[in-house]
Amino acid sequence: MGAQKSVRAGKAKIDVNVDFTHKLCAALMLQPFRNSGSPLELVIGSLCIKHPNLFGKSEKLDVLWDKGLYDSNILITYRKPRPEWLAQQSFVVQHSISPEIGVHGLPDDNFSRSGSGGVNLSRLSAGLDLSEPASSNWSSKTSIKFEHIRPVSDEGRSINRDTHGFPVTCSGGYNDSMVVVKQESRYAKANDRSFSQFSLQIEQGVPILSKWLIFNRFKFVASRGLKLGPAFLLSSLTGGSIVGDIAPYQAFAIGGLGSVRGYGEGAVGCGRSCLVANNELTFPLSQVLDGAVFLDCGSDLGSGRHVPGNPALRLGKPGNGIGFGYGLRFKSQLGHFQVDYAVNAFQQRTVYFGFSNLPS
């Protein structure tokens, strides 16, 4: 239930998307984080403005605004044309606000759901992205950005402590600031029967000022897909670690859709390190319907106690988790619909719904 509209204003293109479906599904499946004070808060949607030739020299300007039930994101990107053999530059400004559920969320229903812990993150960042020309199967991107992070309550007030009185920032104040240099490398190779993907992200906090965060964080994702007759097996391994200064919101959150199914977001644990394995076998049931069985597992590798304030221990998160189940994948011209039925280690059952590949 919603509406989509594209409008052209000169050379600029404006895409508007308003959706009520997400609100209906969330109302049926999730406990509200907070009361809605305005009818506009019940609407989710997006606004996209693209200009292909801003100053007459092929400069591109993209403005994207996404609004969810409890979050919003504004992204402004400006690109100047450069020769193909040089790194492509993008100037990026972004502001977002979203509930911090992965670390401070309250596990419920035998860890199958995560409710609001009263902590939201307001993020403002500005910087430069450099995308290197792709060579063979590899691609890479480097960015340097200034980030300002301010925790706020559900009512929008700045906070520096959670509901248990523990700090929610690294500085102990009402905000954290940092300059982050990020290097991301990707590898992809595919043929008719299989594919392989690998990505590695490395982030370094640069101490330009003494109060700014100094840290090194890395995360990798390795995936392998293999066709087994009419079936297809997809396996992936995700891991990461962070050393140096750390705020609780920087911890790796484990659990939820895209991590360990059967658990709420971050309900397995949150730590300085993590390791998550996902395996899924899909097989055709008809021309438009596939079945799936899956097994997920994840661990904080015992690093939860090293997160400031030890939120995982205070919230009773186990630190390790396993989830398994089955699902259906329905393919149509309108898009792909997915439903998963998952069971966690506490025998709690959860159903996930998803939509993807919807045309704009």
Side-chain angles (χ1 to χ4, degrees), residues 98 100-105 107 111-112 114 121 137-141 143 180 182-190 194-204 215-226 232-244 246-282 292-307 311-312 317-325 327 329 338 340 342-345 350 352 354 356:
S98 60
E100 209 306 288
I101 303 298
V103 175
H104 294 98
F111 301 94
S112 65
S114 295
L121 295 181
N137 299 317
W138 286 93
S139 63
S140 64
K141 184 172 73 171
S143 65
V180 180
K182 180 178 179 181
Q183 173 70 40
E184 182 175 359
S185 300
R186 293 181 178 272
Y187 170 85
K189 184 178 181 180
S194 66
F195 77 87
S196 301
Q197 291 182 347
F198 178 79
S199 68
L200 175 65
Q201 298 177 0
I202 300 176
E203 297 178 83
Q204 177 66 56
F215 63 90
N216 182 273
R217 173 188 172 111
F218 81 90
K219 179 182 179 180
F220 72 86
V221 180
S223 302
R224 173 73 172 171
L226 183 63
F232 190 81
L233 175 65
L234 175 61
S235 300
S236 66
L237 183 67
T238 303
S241 187
I242 181 171
V243 296
I246 178 176
Y249 55 78
Q250 291 179 296
F252 292 95
I254 309 162
L257 189 62
S259 178
V260 182
R261 283 166 285 192
Y263 293 82
E265 183 181 350
V268 172
C270 51
R272 280 183 174 260
S273 302
C274 76
L275 196 63
V276 176
N278 306 99
N279 295 278
E280 180 170 298
L281 180 69
T282 57
V293 292
F294 58 85
L295 174 66
D296 302 331
C297 57
S299 171
D300 65 5
L301 304 177
S303 64
R305 64 182 183 275
H306 299 303
V307 177
K317 299 180 180 182
N320 302 280
I322 183 170
F324 60 91
R329 313 286 185 262
Q338 173 178 327
D340 287 332
V343 182
N344 66 20
T350 306
Y352 299 95
S356 62

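The first residue in the sequence is number 1, and the count goes up from there. These numbers were taken from a predicted model, which means no experiment stands behind them.
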For residues 247-254, dump all side-chain donor-acceptor pairs below 3.5 Å to protein atoms at least two apart in sequence or in another chain.
from   : atom 1 : to     : atom 2 : distance (Å)
Tyr249 : OH     : Asp176 : OD2    : 2.7
Gln250 : OE1    : Ala247 : N      : 2.9

Check: Could you walk me through whether Phe215 and Val180 pass the side-chain contact (heavy atoms from CB on, under 4.5 Å) check?
Finding: CA-CA 9 Å; Phe215 63 90; Val180 180; 4.0 Å; yes
Atom [atom1] in [X], atom [atom2] in [Y]: separation rounded to 0.5 Å?
X	Y	atom1	atom2	value
Gln338	Thr282	CD	OG1	10.5 Å
Phe294	Asn278	CZ	CG	10.0 Å
Ser140	Gln183	OG	CD	5.5 Å
Arg224	Ser236	CZ	OG	13.5 Å
Asn279	Ser235	CG	OG	4.0 Å

Notebook entry, point to check: Going by the salt bridge (Lys or Arg N to Asp or Glu O under 4.0 Å) test, which pairs reach into residues 247-263, not counting sequence neighbours?
Noted result: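 Counting only pairs at least two positions apart or across chains, the salt bridge (Lys or Arg N to Asp or Glu O under 4.0 Å) contacts touching residues 247-263 are Arg261-Glu280, Arg261-Asp296, Arg261-Asp340.
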Test item: [X] and [Y] side chains (from C-beta on) under 4.5 Å apart, heavy atoms:
X	Y	value
Ser223	Val221	yes
Phe195	Leu234	yes
Lys182	Gln201	yes

Provide the closest heavy-atom pair for [X] versus [Y] in the form atom of the first, atom of the second, distance.
X	Y	value
Val268	Gly298	CG1-O, 4.0 Å
Phe111	Asn344	C-ND2, 4.2 Å
Ser185	Trp138	CB-CZ3, 4.3 Å
Gly102	Glu265	N-OE2, 3.9 Å
Cys297	Val260	C-CG2, 3.7 Å
Tyr263	Gly323	CE1-N, 4.5 Å

Margin query: Taking side chain to side chain contact (heavy atoms under 4.5 Å, CB included) as the definition, give me every residue that meets it alongside Lys189, ordered by chain and number, with sequence neighbours left out.
Written below: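 Expected list: Asn137, Tyr187.
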Check: Sequence neighbours excluded, which residues qualify as side chain to side chain contact (heavy atoms under 4.5 Å, CB included) partners of Leu237?
Finding: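 Counting only residues at least two positions away or on another chain, Leu237 forms a side chain to side chain contact (heavy atoms under 4.5 Å, CB included) with Phe220, Leu275, Ala277.
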Report, one line per pair, each donor and acceptor closer than 3.5 Å where one atom sits in a side chain of residues 299-307; sequence neighbours left out.
from   : atom 1 : to     : atom 2 : distance (Å)
Ser299 : OG     : Leu301 : N      : 2.9
Ser299 : OG     : Asn320 : OD1    : 2.6
Asp300 : OD1    : Gly302 : N      : 2.9
Ser303 : OG     : Arg272 : N      : 3.1
Ser303 : OG     : Ser273 : N      : 2.9
Ser303 : OG     : Ser273 : O      : 3.2
Ser303 : OG     : Asp300 : O      : 2.6
Arg305 : NH1    : Gly302 : O      : 2.6

Margin query: Using only atom types and a distance under 3.5 Å, with no angle test, would you say the side chain of Lys317 pairs donor to acceptor with the backbone of Val103?
Written below: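 Yes, the answer is positive, given that a donor and an acceptor are paired below the 3.5 Å cut-off.
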Notebook entry, point to check: Considering residues at least two apart in sequence or located in another chain, which fulfil the salt bridge (charged side-chain N to carboxylate O under 4.0 Å, His left out) criterion with Glu100?
Noted result: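 Expected list: none.
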